[in-house]
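Structure, as C-alpha cells:
What you see is a predicted model, and the numbers here were worked out from it, not measured in a lab.
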Amino acid sequence: MIRTDWSLAEIRALHDLPLLELLFRAQGIHREHHPKNQVQLCTLLSVKTGACQEDCAYCPQSSRYETNVEPEKMLDVESVIASARRAKAAGATRFCMGAAWREVKDGPHFDRVLSMVSGVKGLGLETCTTLGMLNADQAKRLKDAGLDTYNHNIDTSAEYYKRIITTRSYEDRLTTIRNVREAGIHVCSGGIIGMGESIDDRCRMLRELSNQPEQPESVPINALVPVEGTPLADRPQVDPLELIRMIATARILMPKAKVRLSAGRQSMNREAQLMCLMAGANSIFYGEQLLTTPNPDTSFDQRLLADAGLTPLEPVLT
Ligand code: SAM
Ligand code: DTB
Ligand code: SF4
C-alpha cells in the first residue's frame with residue numbers, strides 16, 4: 001500500500017494537479033490514515049544557540065553571517081525541563097530541542113542533551129532533538145535516553161543542496177538518517193521551500209523522502225523565514241498556495257507520515273494555515289518562538305483551533 005518507487009514525473013504530475021483536485025485527494029488519504037480534526041502541538045526550544053561553523057544559507061545561527069542572533073551558552077538541564085513543563089501546561093504534546101551544531105561530539109555537552117531528553121520524556125512529552133550529524137553509537141545513546149524522534153532535514157534536492165550548503169554533503173545527511181533509523185528512533189526529515197529552488201527540486205526532495213526503504217514517520221515542510229544578514233535574506237515570501245501544494249503532495253506520497261506545517265506560519269493568514277491542515281498537515285509549532293525567529297502566539301493558535309473545531313492530538317510515546 002505504501003509505495004517507495006515514485007518517479008519524478010509521477011510526483012510532478014500530482015504536485016501540478018488543479019489545486020482543488022490535489023486537496024481532495026490529499027484529504028482523502030489523510031482521513032484514511034489519521035484522526036480527523038486533530039492537530040499536534042509541538043514546541044521548539046533552542047538549547048544551544050548560534051556560533052555555528054556551517055554555512056547553511058538560510059540559517060541565522062551560522063557564524064559566517066552577520067545576523068541579530070546572539071550566540072548563547074548551552075542551556076542547563078533544569079531550565080530546559082522547566083520550559084518543557086511550561087510547554088506541556090500550555091497544551092503541547094511534543095517537545096523538540098535544537099542545537100546549532102554541525103554534528104554531535106561525545107562529551108559533557110552531549111551527556112547534557114541525554115539528560116534533557118530523559119527529563120523531558122519523564123514529563124510525559126514526546127521527545128525530539130535536532131543536533132546535526134550523528135554516528136550510530138550516538139543514535140543508540142539517544143534512544144536509550146528515551147528519544148522518540150530525531151530531526152535531520154535533507155532540506156532540498158541533492159542538486160540544489162550544493163547551492164545552499166557546502167560544509168557537509170547530502171550523502172552525510174542520508175548517513176545520519178540511516179543511523180537514526182537503525183537505532184530504532186523515529187525519523188523526522190523534510191525541507192524548506194522558497195530558497196530559489198525549482199518545482200522539480202521540490203519534487204526531487206519529496207522523491208528522496210518517499211523512496212526511502214522506510215518512509216520517515218515525520219516530514220516537516222518549512223517555508224523559508226528570510227533572515228536579515230543571511231544570503232537568502234532577500235528571497236520573497238513563499239506564496240502559501242505553494243506550501244499547500246507541497247504539503248498535499250507529501251501527504252499523498254507518504255500516507256502514514258506526520259506531515260508538519262513548520263516554519264513560515266508567521267507570515268500566513270488563518271485561512272492559508274487551515275488549508276495546509278486540510279491538505280494533510282498533522283501538526284504546527286506551538287509557542288512564540290521557533291528556534292530563533294518568531295512564531296504565532298499561543299493565544300492566536302488556541303483561537304485558531306477553537307474557531308476551526310480542531311482538538312490537540314494526544315501524545316504517542318514509543
Ligand atoms: N544544527 C542542526 C542541523 O542543521 O542539522 C539542527 C538545527 S537546524 C536549525 C534544523 C533545520 O531548521 C534546518 O535543517 C532547516 O531545515 C530549518 N531551518 C533553519 N533555518 C530556517 C529558516 N530560516 N527558515 C526555514 N527553515 C529553517
Ligand atoms: C524543522 O524542520 N523546522 C524547525 C525544526 N525542524 C528544528 C526549525 C525551524 C527554524 C526556523 C528558523 C529559526 O527559528 O531559527
Ligand atoms: Fe548550523 Fe544547523 Fe544552522 Fe546549518 S542549520 S548553520 S548546521 S545551526
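- Judged by distance alone, the side chain of Arg202 and the main-chain N or O of Thr156 form no donor-acceptor pair under 3.5 Å.
- Closest of all the heavy-atom pairs between Pro240 and Ala272 is CB-CB, 3.8 Å.
- Grouping the Ile, Leu, Val, Met, Phe, Trp and Tyr side chains by contacts below 4.5 angstrom, directly or via other members, places Ile221 apart from Val225.
- For Asn222 (side chain) and Ala263 (main-chain N/O), a donor-acceptor pair under 3.5 Å exists by modelled atom type.
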Inset, instruction - Begin from the C-alpha positions of Asp16 and Arg12 and carry the test side-chain contact (heavy atoms from CB on, under 4.5 Å) through to its verdict. - result: CA-CA 6 Å; Asp16 290 352; Arg12 183 70 199 249; 2.7 Å; yes
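- Residues that satisfy the side-chain contact (heavy atoms from CB on, under 4.5 Å) test with Ala87, not counting sequence neighbours, are Thr43, Ala92, Phe95.
- Both Ile185 and Val120 are part of a single hydrophobic cluster, where members link through side-chain heavy atoms under 4.5 Å apart.
- With Arg265 contributing its side chain and Ala223 its backbone, the two residues share no donor-acceptor pair below 3.5 Å.
- In terms of the ring pair (Phe, Tyr, Trp, His ring centres under 6.0 Å) criterion, residue partners of Tyr170 (sequence neighbours excluded) are, by chain and number, Tyr161.
- In the hydrophobic cluster analysis, where Ile, Leu, Val, Met, Phe, Trp and Tyr join through side-chain heavy atoms closer than 4.5 angstrom, Met97 is grouped together with Val104.
- The side-chain contact (heavy atoms from CB on, under 4.5 Å) test applied to Thr175 returns Glu171, Arg178, Asn179, not counting sequence neighbours.
- Note: Glu54 CD to Arg102 CZ = 5.0 Å, rounded to the nearest 0.5 Å.
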Inset, instruction - Step by step, work out the side-chain contact (heavy atoms from CB on, under 4.5 Å) result for Leu305 and Tyr286. - result: CA-CA 12 Å; Leu305 263 61; Tyr286 179 66; over 6 Å; no
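- To the nearest 0.5 Å, the span separating CZ on Arg251 from NE2 on His34 amounts to 3.5 Å.
- Arg112 has no carboxylate O lying under 4.0 Å from a charged side-chain N of Asp76, or vice versa, which leaves the two without a salt bridge.
- With rounding to the nearest 0.5 angstrom, the CG atom of Asp201 is 9.0 Å from the CE atom of Met195.
- Side-chain contact between Pro294 and Gln289 is absent, with no heavy atoms from C-beta onward closer than 4.5 Å.
- The shortest side-chain heavy-atom distance between Lys36 and Gln27 does not fall under the 4.5 Å cut-off.
- In this structure, CD1 in Ile252 is found 5.0 Å from CG in Leu22, a value given to the nearest 0.5 Å.
- No side-chain heavy atom of Leu313 sits under 4.5 Å from any side-chain heavy atom of Asn282.
- Not a single donor-acceptor pair under 3.5 Å links the side chain of Glu126 to the backbone N or O of Thr93.
- Judged by distance alone, the side chains of Glu103 and Gln138 never bring a donor and an acceptor atom under 3.5 Å apart.
- Taking the side chain as every heavy atom from C-beta outward, Val117 and Leu142 approach each other to under 4.5 Å.
- Using a 4.5 Å cut-off on side-chain heavy atoms (C-beta onward), Gln53 and Ser63 make contact.
- No more than 12 heavy atoms of other residues, nucleotides or ligands sit less than 6.0 Å from atom CE of Met278.
- Looking at residues two or more places apart in sequence or on another chain, you find a side-chain contact (heavy atoms from CB on, under 4.5 Å) between Thr292 and Thr49, Pro60, Gln61, Val69.
- A donor-acceptor contact under 3.5 angstrom links the side chains of Tyr58 and Asp155, judged on distance only.
- Separation of atoms CD1 (Ile193) and CE (Met246) is listed at 6.0 Å; rounding is to 0.5 Å.
- Under the side chain to side chain donor-acceptor pair (under 3.5 Å) criterion, no residue pair touches residues 224-236, with sequence neighbours excluded.
- Comment: Lys143 does not engage Glu182 in a salt bridge, judged by the lack of any side-chain N to carboxylate O separation of less than 4.0 angstrom.
- Between the side chain of Glu242 and the main chain of Asp239, no donor-acceptor pair closer than 3.5 Å is present.
- Proximity of a side-chain donor or acceptor of Gln212 to a complementary backbone N or O of Glu214 within less than 3.5 Å is not detected.
- Residues Gly280 and Ile247 approach most closely at C-CG2, 4.1 Å, considering heavy atoms.
- Taking a cutoff of 4.0 Å between a charged side-chain nitrogen and a carboxylate oxygen, Glu208 and Arg173 do not qualify as a salt bridge.
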Inset, instruction - Mind running side-chain contact (heavy atoms from CB on, under 4.5 Å) on Leu243 and Leu261 for me, showing each step along the way? - result: CA-CA 9 Å; Leu243 186 61; Leu261 165 56; 3.8 Å; yes
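- Residue Ile165 is not grouped with residue Tyr65 when hydrophobic side chains (ILVMFWY) are merged at heavy-atom distances under 4.5 angstrom, including chains of intermediate members.
- Side chain of Thr149 to main chain of Cys188: no donor-acceptor pair is present (N/O by atom type, distance under 3.5 Å, no hydrogens or angles).
- Checking side-chain atoms of Asn151 against main-chain N and O of Thr130 turns up no donor-acceptor pair under 3.5 Å.
- Linking Ile, Leu, Val, Met, Phe, Trp and Tyr whenever their side-chain heavy atoms come within less than 4.5 Å leaves Leu44 and Ile81 in two separate clusters.
- Within 6.0 Å of CZ in Arg303 there are 12 or fewer heavy atoms belonging to other residues, nucleotides or ligands.
- Between the CE atom of Met268 and the SG atom of Cys276 there is a distance of 3.5 Å, given to the nearest 0.5 Å.
- Arg94 has its side chain out of reach of Lys258: every pair of non-hydrogen atoms, C-beta onward, lies at least 4.5 Å apart.
- Take Arg207 and apply the side-chain contact (heavy atoms from CB on, under 4.5 Å) test, not counting sequence neighbours, and it matches Leu8, Ile11, Arg204, Asn211.
- Counted within 6.0 Å of CD on Glu70, heavy atoms from surrounding residues, nucleotides or ligands total 12 or fewer; the atom is thus considered open.
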Inset, instruction - Start with the C-alpha gap between Ser218 and Arg260, add the side-chain angles, then the distance that decides, and say whether side-chain contact (heavy atoms from CB on, under 4.5 Å) holds. - result: CA-CA 7 Å; Ser218 167; Arg260 302 188 185 277; 2.7 Å; yes
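- Exactly one residue among Ile29, Leu206, Ile2, Val259 makes a side chain to side chain contact (heavy atoms under 4.5 Å, CB included) with Met254. That residue is Leu206.
- Counting only distance, with no hydrogens or angles, the side chain of Asn295 and the backbone of Phe285 share a donor-acceptor pair below 3.5 Å.
- No side-chain donor-acceptor contact under 3.5 Å links Thr4 and Gln215.
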